[in-house]
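To find a chain, count down the sequence lines: A is the first, B the second, and so on, and within it residues start at 1. Since the model is a prediction, treat every value here as computed from it, not as a measurement.
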Amino acid sequence: MTQIPAPTFEWLELAPVLVVLVAACVGILLEALLRRESRFLAQIVVAEVGLLAALVFAVANWREGRIGSLAMGSVSLDGPAYLSWTALLVFGLLALSVFAERNLNDGASSFVASAASIPGSRHEREASAAGHEHSEVFPLALFSLAGMMVFTASGDLLTMFVALEVMSLPLYLLSGLARQRRLLSHESALKYFLLGSFASAFFLFGMALLYGYAGSFDIAALNQAVSAPLLGRGFLYAGMGLLAVGLLFKIGVVPFQSWVPDVYTGAPTPVTGFMAICTKLAALVGLARVFFVALGGERWTWQPVLAVLAVLTMAVGVVLALTQTDIKRLLAYSAISHAGFLLTAVVGAYQEVGSGQVNSFGAIAFYLIAYGFSTIAAFAVVTMVRNESGEATRLSDWAGLAKRNPWLASAFAVLLLSFAGIPLTGGFIGKWAVFASAWAGGFEWLAITGVAFSLVAAYFYLKVIVAMFFLEPAEGVEVGRASAFTIAPIAVGVAATVYLGLFPGPVMDLIAAAQVFAR
Amino acid sequence: MTLETLTPVAASGLFSLAWLMIAVPLAMAALLLLAGKAFDSFGHWLAVLASTFSFVVALILFVQLLSADEASRAVSAPMFTWIATQTWTVEAGLLIDPLSILFALLITGVGSLIHLYSVGYMAHDERRRRFFAYLNFFVAAMLLLVLADNYLVLFVGWEGVGLASYLLIGFWQHKPSAAAAAKKAFVMNRVGDLGLTMAVFTMLAALKTSSFAEVNAKIAGVDPAWVTAIGFFLLLAACGKSAQVPLQAWLLDAMEGPTPVSALIHAATMVTAGVYLVVRSHAVYALAPAAQTAVVIVGLVTLFAGAWIGCAKDDIKKVLAGSTMSQIGYMILAAGIGPAGYAFAIFHLLTHGFFKANMFLGAGSVMHAMDDDVNMRHFGALRKALPITFVTFGMGYLAIIGFPGFAGYFSKDSIIEAAFHANAVIGVAAMLGAGVTGFYMTRLMLMTWFGQERWPDGVHPHESPAVMTVPLIVLAVFSVGIGAVLNGWIQEWLAPAVDAAAGEAEWIPSLTGLLTLVVVIAGVALAWYLFGKNAVPAQVPESTNPFTLAGRNDLYGDAVNNALVVRPTMAAADSVHANDLWIIDRGADGLANGLRKLSQVGRRLQSGRVRSYALIMMAGVVLLGALVIVSLLG
């Protein structure tokens, strides 16, 4: 009679995730226990303190060098996991700070007063008038963040799938909670949910086929099975392709990008900022873990496939961004093009580096860190430019912004220059790093294609800068008086963007020391 | 000849303050430029003070060097590490040795006198403060040029004097001709600057250093081809700054600047920087015979080209400018002869600095009297109207033609003598040049000071104020005496710095000297026959003589430059512009329009319908599967 071994659980090592989950649960309890008017503030405190505590745990564990396979192999805590956790927690702190802004909307947040009410109904008006708010957005975001953290550190595909769902479901909800343009928001949430479920199904199917091939969900076991010349590799290839669909969908790679423009536009802008970086970061780290570690032995098969998709993604993102007239939609297409640029480094899959240099994953990590600071700040800026119906997102509304508020326009210009990859910004170093690793990995043509597309991309970023600085101010548009909840993330984002452009060394060193996946 | 040169000793005491020579005029220039109108009434006197201060410092250091024993007559005063790389380091420092201190004395001495003279000359110019700021800046840059202890720091001074020259030639920028002349000087000097930068690059590449001491020490161990290349690059630099053929065309136009500028920059100091550079690089030329020969040829050609132009011009300043070219040709020639000629090159440079500055300032005094007219055909018989200027100018004249006992006699005859020792052909050519010098200078004297009055109506010549005549008198005294004073001594003084051993000119002329004297007298007599005996026409006589026409047209230097450089460059620029307009722009616009159209078509796929999105995804899965299969097959 075999004994079932008692499950082991490394509490201290997993503390960062646990703290975030506990904070989310506390938030849910507060919803039930606290009076309505004190909830919002309490949620902010719990969320930010929870994230800060998790960050402290993560950094402390990292410095102690606590790595290894945890929770009976479900979690693989290694350098990339620590990098992702730290980045996710920092970005979570900044993004949730933007969630908390209530000055721009006459004392209300960006979130709807009553999500269940029919748009334009009496119920909605009453809820608004009564000052109701969905302060559940904070626990929802925390749950999502915890899912992302587990996703980046998954030791097996099953954990990965669960984490994928944990991070996605709250995002579907959050997307539908916009205070203004609610129909658009609802529509985007539904689209996100339907397409996301569709993609998850592919992921699950791929997982099943890979299990069929390897007999295990374990990433390390998959690695061994792929390296061993087993028969019946059809399962492997089919599973690899289908699994990729689920991951590429989250990153927003063409042809699985259709949801991105609609959801980015429809979701409340703070949520867009949150998911634009955090989802992308989690999904890319997950992709890298699966393809570099589990499927690394098959790189000759998947590299050309992803290379084609990278070109398609850059092309679609850049070309379609050229004719956008809405700033949020423009940033959405910009996000698609960035997914393409990032994918070039995945394709490069370049590992042989000397000490102190970054490999492909290191390049991706730096790119994501630079892009994350810029993205959160950029969407925070978007929340501040307003007309009487809320956020003024048409590009024509942004004309002459520099004359109304030179500080904000300059900050946004810096962020756009970073998106465009202009030197002295973090975006430039990031682009340089990913293209360099694509080049080093033997995909010179892909690096050159990437450079060409980033040249074209500069056009639409510069178009916005020209509009802000050289056109007459648009009528009826003003810059809202935001509180520190919005100003601080913008300031941090701009400062980090410039810092990473001028002094990439320290962060590069940090990444170079932690960029190798556990196998 | 041995290749021993002095090893500089570390600076101590006053020598460590040598940088003040440069810093004070530089700071004064900045102060005058920034101070604004408040300094208009007295700023020029501050500039005179700053220049005089540098002169005093130079004088004190000179006395200190005199009293030092011969082995410690080169003092290095390091300032700071300028550039440090893994393979080479550039230390910015000053080198005070027998050669550089003579230059410092000439620059600050003549410079201070010209500052003083300018107080009178520029009295009525409303931008006087700016003029003096530029003059101070020039003094600082020129001192940096000659005091630098390595080529890269020298280059900073080199560029500084170029800038000062540009600003001062174009000082009367309201005149299009002055602006054009300034631009021309700047552009042509850039060609020379290219030579210097290339020389420095080559040194850094081949020797890993640009300091004089280390270059001298290491140059023998370098591939001769590199040494020759450095020699030619330095010669190109010298040609640009010293207006030697083929980069001579800017100097005549540079006379558009105020006359004190012509005297200081375009006669006495800056234009002799090329001579300094060649002499300073003696170690390079000692190992590069081809480059050395080229130096001699350039010197000879310029000697005659300048003299030729001097013979044909009616503009008094341009005659003097041609003469300057010619005299610098002598110096370059001497420097090209090698160790036997270095000391004489510097000797002639110093005497020329005094007598040519004297004559330029004299010409300025004449112009002052003649309402800024420069055409000698409008002068004549001015000796009575401007007696002091006449006498001082006369001293300069006697000095330049080499009248026995005057400054030029010692320095120029020494060069001719050395040329004969080197090669008979060069010697004969140098001697003939002296004859031509006698000719054109006599022509200038006769047309300006003698003959009958040809003054335009309403012009009443008068002697200049004391602030202008005192510098003239001082310079005249030097024009007379400096040659005799320095003769013999300077050869010894410079020997350790330039690795030279040279004889001295005798009071009693040698055979060569006598012959030279005969040639000069012939030149003077011919000029007297042509311009003294007969009346000088007030209008330019028609001439079909091709030599005269060529001389009047600056030997067609502009035409040559236009045909060889300017027109091809303009044509290239035009074609690049056309290419930009018709191919690049069209291409870029076309690409942009194409992408925009593609974008408009592509947007239709984003229909907003979730069912078509799902369909696209499904198509994507099929595509991905196809790609995997293709990848497996491929």
Side-chain angles (χ1 to χ4, degrees), chain A residues 184 187-188 190-195 197-199 202 205-206 233-234 236-238 240-242 244-246 248-249 253-262 265-266 298 300-309 312 315-325 329 332-333 455-456 459-460, chain B residues 80-89 575-634:
Chain A
L184 205 61
E187 187 185 325
S188 78
L190 192 64
K191 277 178 188 164
Y192 195 11
F193 171 66
L194 287 173
L195 296 172
S197 311
F198 197 34
F202 283 112
F205 198 177
R233 286 172 93 84
L236 170 64
Y237 299 129
M240 184 171 81
L242 293 175
V245 172
L248 296 174
F249 173 85
V253 171
V254 176
F256 315 108
Q257 91 299 357
S258 304
W259 63 277
V260 174
D262 292 10
T265 316
E298 274 294 334
W300 310 115
T301 311
W302 56 256
Q303 271 175 321
V305 177
L306 289 189
V308 173
L309 296 188
L312 277 178
V316 168
V318 167
V319 171
L320 291 194
L322 293 176
T323 46
Q324 298 306 320
T325 53
R329 236 178 153 72
Y333 279 105
L455 271 178
V456 181
Y459 168 77
F460 55 81
Chain B
F80 53 90
T81 301
W82 184 19
I83 303 171
T85 72
Q86 288 180 345
T87 45
W88 46 265
T89 305
S575 66
V576 168
H577 179 61
N579 176 53
D580 199 37
L581 216 57
W582 295 101
I583 298 176
I584 309 274
D585 280 8
R586 291 260 169 119
D589 289 350
L591 189 66
N593 287 333
L595 284 175
R596 195 172 300 126
K597 290 211 177 86
L598 193 64
S599 182
Q600 271 147 4
V601 174
R603 284 179 74 176
R604 288 185 204 143
L605 277 177
Q606 199 70 22
S607 60
R609 294 196 189 93
V610 73
R611 58 177 184 271
S612 38
Y613 292 177
L615 195 63
I616 291 173
M617 268 182 75
M618 201 55 227
V621 174
V622 173
L623 169 75
L624 202 138
L627 284 174
V628 170
I629 290 166
V630 169
S631 170
L632 282 171
L633 295 175

Original post:
Do side-chain atoms of A:W259 reach the backbone of A:F249 as a donor and acceptor pair under 3.5 angstrom?
Top reply: yes
Original post:
Under the 3.5 angstrom rule, does the side chain of B:S631 hit a backbone N or O of A:T301 as a donor-acceptor pair?
Top reply: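 Confirmed, B:S631 side chain pairs with A:T301 backbone.
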Original post:
Who passes ring pair (Phe, Tyr, Trp, His ring centres under 6.0 Å) against A:F205, sequence neighbours left out?
Top reply: none
Original post:
What residues, two or more places apart in sequence or in another chain, satisfy ring pair (Phe, Tyr, Trp, His ring centres under 6.0 Å) together with A:F202?
Top reply: A:F198
**OP:** Go through the steps for A:R329 and A:D262 under the test side-chain contact (heavy atoms from CB on, under 4.5 Å), then give the verdict.
**Re:** CA-CA 8 Å; A:R329 236 178 153 72; A:D262 292 10; 3.0 Å; yes
**OP:** Could you tell me whether A:F193 atom CZ has more than 12 heavy atoms of other residues or ligands within 6.0 Å of it?
**Re:**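 No, the 6.0 Å shell around CZ holds no more than 12 heavy atoms from other groups.
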**OP:** Using a 4.5 Å cut-off on heavy atoms from C-beta on, say whether the side chain of B:L591 contacts that of A:V456.
**Re:** no
Please look at [X] and chain B and tell me whether the side chain, the backbone, both or neither of the residue comes under 4.5 angstrom of a heavy atom of that chain.
X	value
A:V305	both
A:A238	neither
A:L306	neither
A:L190	neither
A:V254	neither
A:E187	side chain

Subject >> Portion of B:I629 that has a non-hydrogen atom of chain A nearer than 4.5 angstrom >> reply: neither
Original post:
Which residues in residues 597-609 of chain B have a heavy atom less than 4.5 Å from any heavy atom of chain A?
Top reply: B:L598, B:S599, B:Q600, B:G602, B:R603, B:Q606, B:G608
**OP:** Tell me the residues of residues 577-588 of chain B whose non-hydrogen atoms fall below 4.5 Å from those of chain A, in number order.
**Re:**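 The stretch does not come within 4.5 Å of chain A.
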**OP:** Select, from B:V621, B:I616, B:V630, the one with the greatest count of heavy-atom pairs under 4.5 Å involving chain A.
**Re:**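 Top option by heavy-atom pairs under 4.5 Å: B:V621.
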Interatomic distance, [X] atom [atom1] to [Y] atom [atom2] [nearest 0.5 angstrom]:
X	Y	atom1	atom2	result
A:Y333	A:L320	OH	CG	5.0 Å
A:L194	B:R611	CG	CZ	12.5 Å
B:Y613	A:K191	OH	NZ	4.5 Å
A:F256	A:L312	CZ	CG	10.0 Å

**OP:** Step by step, work out the side-chain contact (heavy atoms from CB on, under 4.5 Å) result for A:Y459 and A:V318.
**Re:** CA-CA 9 Å; A:Y459 168 77; A:V318 167; over 6 Å; no
Subject >> Nearest atoms (heavy-atom pairs only) where B:T89 meets B:T85 >> reply: OG1-O, 4.2 Å
